[in-house]
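All remarks here apply to the structure that follows.
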Amino acid sequence: MDEQPRLMHAHAAVGMSGHPGLSQHITDNTGATDGDGRKQDIGDILHQIMTITDQSLDEAQARKHALNCHRMKPALFNVLCEVKEKTVLSIRGAQEEESPDAQLMRLDNMLLAEGVSGPEKGGGSAAAAAAAAASAGVGADNSAEHSDYRAKLTQIRQIYHTELEKYEQACNEFTTHVMNLLREQSRTRPISPKEIERMVNIIHRKFSSIQMQLKQSTCEAVMILRSRFLDARRKRRNFNKQATEILNEYFYSHLSNPYPSEEAKEELAKKCSITVSQVSNWFGNKRIRYKKNIGKFQEEANIYAARTAVNAASVSAHGSQANSPSTPNSAGETILHVFLTNMFLFTSDSNGFGSLWVCCLEIVFPFD
DNA sequence: CTAAATGATTCCAC
DNA sequence: GTGGAATCATTTAG
């Protein structure tokens, strides 16, 4: 590798030896005031340079070896290294000390959280599982979307790991190469182990910046995938009939206070095979839509009130139900309960008496 | 195909 | 954090 420059110098020397008149002319001019001894030295050196190609490779190696084995060589080497350290390396070392560690750590944490880095757990991630759980609860309809998400995440994961491995390999190869080169060169020029170490650090920094870019783009890819997946969650499915009935039953039997507690929500979620937040959404929607148009929901209210009443009656017939103000226990009480509840809702509303009376008539009608 | 229904999201106030 | 209100996006009924 480093044979090339030597050969080029050799050619140059040969070229000069082809024009002895020129070199002679130079030495004549410069040596005129310095005396003959100095002129002679320069002439010797030139001669040595010009005849260097005549030396065999073995001879050159022997000279090199002799130089390396010289007892003053380590001392000279150290001095040169020191000088170099003071002049060049101090300047180089001073710059570029800002640490992108915080950003790298953030990226690492994110990749770990998304399941891209870290141990493979069945190809899925905790975040994906959580997202899936939130999206459709126990519903099996969601599994196709979920597996799609997982497949894409696995793809990203694979690309990430392949690239990472490639970078690491390239980094190691390059580092080894540079280290070998510097070690080799340290025999002919002042390169201390410290400088080699520094060079390795520089290489690692450069490669880790590439790695950071890889991590960043992987994060972006995961984010895009995730946002698409979250968008896909808007592709909702209506709850099944049974779930809707359970929710409606609760709603109409607690019409005076249709705000299920956290425990009640959990219970309903379990019964309906949906999530607690879906229960909350449902009640939120139901309350606002019911309040907006009570008349429209009256029929539904009556159906569920009657149903609750029948249930309550059958339960009370068994004499085992604890009475509660919000859970009427006979058909008459239930309908009265709905009536009073609507009275309450309407009078607290600004819709006026017209709709109130329509509502009342509709409710009272079943008494006949 | 259209309108209504419905689950989810967002923004705001408390 | 929770609920009300408005709105979005999709499904369903006619």
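In what follows, chains are A, B, ... by sequence order, proteins preceding strands, each numbered from 1.
One can place NZ of A:Lys241 at 14 Å from C1' of C:dA13, the figure rounded to the nearest angstrom. Note: CD (A:Glu299) to C1' (B:dA5) measures 15 Å, nearest angstrom. With rounding to whole Å, A:Lys291 atom NZ is found 10 Å from C:dA6 atom P. Here the C1' atom of nucleotide C:dA9 and the CZ atom of A:Arg237 are 14 Å apart, to the nearest Å. For the pair A:Asn285 CG and B:dT9 P, the computed distance is 11 Å after rounding to whole Å. With rounding to whole Å, A:Phe239 atom CZ is found 14 Å from C:dT11 atom P. If you measure from atom OH of A:Tyr290 to atom C1' of B:dT6, you get 18 Å, rounded to the nearest angstrom. Note: CD (A:Glu300) to P (B:dA5) measures 11 Å, nearest angstrom.
Contact check on A:Glu163 versus A:Lys166 returns a salt bridge, with a Lys/Arg side-chain nitrogen under 4.0 Å from an Asp/Glu carboxylate oxygen. With respect to the salt-bridge test (charged N to carboxylate O, under 4.0 angstrom), the residues A:Lys271 and A:Glu245 do not qualify.
Within the nucleic acid shown, A:Phe283 has no heavy atom closer than 4.0 Å to any nucleic acid atom. Within 4.0 Å of A:Lys296, counting heavy atoms only, lie sugar-phosphate atoms of the nucleic acid but no base atom.
For A:Arg106, there are no side chain to side chain donor-acceptor pair (under 3.5 Å) partners at least two apart in sequence or on another chain.
In the set C:dT12, C:dC8, B:dA5, C:dC8 carries the atom at the smallest distance from any side-chain atom of A:Arg289. For A:Ile288, the listed nucleotide lying nearest its side chain is C:dA5; candidates were B:dA5, C:dA5, B:dT6.
For the pair A:Asn281 and B:dA8, the criterion of a side-chain N or O lying under 4.0 Å from OP1 or OP2 is met. The side chain of A:Gln278 contributes no N or O atom lying less than 4.0 Å from OP1 or OP2 of B:dG7. Contact check, A:Arg287 against C:dG4: a side-chain N or O comes under 4.0 Å of OP1 or OP2. For the OP1/OP2 pair of C:dG3 and a distance below 4.0 Å, the side-chain nitrogens and oxygens of A:Lys265 include at least one atom meeting the criterion.
One cannot find a donor-acceptor pair under 3.5 Å joining the base of B:dA5 and the side-chain atoms of A:Asn238.
Residues A:Phe283 and A:Tyr250 bring their aromatic ring centres within 6.0 Å. Here the two rings, on A:Phe297 and A:Tyr252, have centers that are 6.0 Å apart or farther.
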